[in-house]
Amino acid sequence: MDSAEDIFDSSLNLEETHYQEGYKEGYNHGVTTGKEEGQEVGLKTGFETGEELGFYKGCVDVWNSAIQIDPTRFSNRVQKGIKQMQELILKYPAMDPEDESVQEIMEALRLKFRVIRAALGVKLEYLGYPKPKDIEF
């Protein structure tokens, strides 16, 4: 009688067995896919952040070059803002993206850039890298 019960038990447990196998396969697939998607998102975000930092650094370098050529070119307030912006760029933890100050520094950089831009009266703006939908052929 035990062998007959074993046959029926395996039939009754068939649904649970398939459920467990499906769960394991889905979980393993999710882990693999999640890591791949996480890496893609991380690379994209890192690239965009680096691009924005590079834009600000380029602006600071140009402004510093203008100051070296003509130290009276910009007001003391603007020169101080440029120096503060340069310090923020150097302070940015590019090699430690999990640093809690990342957002804070980036927001301070954006604000400082807007203040300098307004003081200089220029319509310079960081627009970011064009998205695929923005590119026309």
Side-chain angles (χ1 to χ4, degrees):
M1 191 77 167
D2 285 337
S3 63
E5 285 180 20
D6 289 342
I7 293 172
F8 291 120
D9 282 345
S10 65
S11 295
L12 294 174
N13 289 331
L14 187 61
E15 183 179 349
E16 181 65 24
T17 302
H18 285 294
Y19 173 82
Q20 290 297 330
E21 287 176 13
Y23 177 84
K24 286 178 187 173
E25 287 178 21
Y27 180 84
N28 290 335
H29 177 71
V31 167
T32 303
T33 306
K35 285 181 183 178
E36 291 169 1
E37 288 177 11
Q39 186 176 19
E40 287 176 24
V41 169
L43 284 171
K44 182 179 180 249
T45 303
F47 177 81
E48 290 170 353
T49 301
E51 184 182 50
E52 187 174 0
L53 279 172
F55 172 79
Y56 295 138
K57 180 159 180 12
C59 291
V60 167
D61 289 347
V62 168
W63 293 330
N64 279 330
S65 294
I67 292 169
Q68 286 179 347
I69 293 170
D70 181 6
T72 62
R73 179 76 181 138
F74 303 127
S75 69
N76 288 337
R77 192 178 106 220
V78 170
Q79 288 187 34
K80 181 181 175 188
I82 293 169
K83 184 174 175 18
Q84 289 171 338
M85 214 172 146
Q86 186 172 14
E87 290 168 357
L88 286 168
I89 292 168
L90 292 173
K91 186 179 170 183
Y92 190 87
M95 294 302 169
D96 187 10
E98 294 182 16
D99 189 318
E100 294 177 9
S101 65
V102 166
Q103 278 303 113
E104 194 176 301
I105 293 172
M106 190 58 85
E107 287 301 318
L109 261 172
R110 290 175 183 140
L111 179 64
K112 192 59 66 179
F113 177 74
R114 285 193 299 268
V115 168
I116 293 170
R117 186 184 68 191
L120 294 177
V122 295
K123 294 188 182 225
L124 185 60
E125 191 172 343
Y126 175 71
L127 300 175
Y129 192 77
K131 309 289 184 251
K133 65 180 181 205
D134 297 337
I135 300 173
E136 293 182 24
F137 292 97

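Not measured: the values here are computed from a predicted model.
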Tell me if the CD atom of Q39 is crowded by more than 12 foreign heavy atoms within 6.0 Å.
no
What is the distance from atom CG of L88 to atom CD of E107, rounded to the nearest 0.5 Å?
11.5 Å
Which heavy atom of R77 sits nearest a heavy atom of A119, and at what distance?
NH2-CB, 3.8 Å
Calculate, to the nearest 0.5 Å, the distance between atoms NZ and CD1 belonging to K80 and I116 respectively.
11.5 Å
Check whether any side-chain heavy atom of M106 sits under 4.5 Å from a side-chain heavy atom of R110, and report yes or no.
yes
CD1 of I89 to OH of Y56, rounded to nearest 0.5 Å, is 9.5 Å
Under the salt bridge (charged side-chain N to carboxylate O under 4.0 Å, His left out) rule, collect the residues that match up with K57, sequence neighbours excluded.
D61
Could you tell me which non-hydrogen atom of T72 sits nearest to which non-hydrogen atom of D70, and how far apart they are?
OG1-OD1, 2.7 Å
In the single-linkage hydrophobic clustering (I, L, V, M, F, W, Y; side-chain heavy atoms under 4.5 Å), do Y27 and Y19 co-cluster?
no
If the threshold is 4.0 Å, N to carboxylate O, is there a salt bridge linking K83 and E87?
yes
When you compare the side chain of V78 with that of R73, does any pair of heavy atoms fall below 4.5 Å?
no
Which residue pairs pass the ring-ring contact (aromatic ring centres under 6.0 Å, His included) test when at least one of the two sits in residues 80-110, sequence neighbours left out?
none
For the residue pair W63 and F113, does the interplanar ring angle fall in the parallel (under 30°), tilted (30 to 60°) or perpendicular (over 60°) class?
parallel
Any ion pair linking K44 and E48 (charged N to carboxylate O, less than 4.0 Å)?
yes
Any side-chain heavy-atom pair of I105 and P93 under 4.5 Å
yes
Using 0.5 Å steps for rounding, measure from the CG atom of L120 to the CD1 atom of I82.
6.5 Å
Nearest 0.5 angstrom please: M85 CE to L111 CG, how far?
10.5 Å
About how many Å separate CG of L53 and CG of L109, when rounded to the nearest 0.5 Å?
6.5 Å
Given the rule that I, L, V, M, F, W and Y join up when any side-chain heavy atoms are under 4.5 Å apart, are V115 and V122 in one cluster?
no
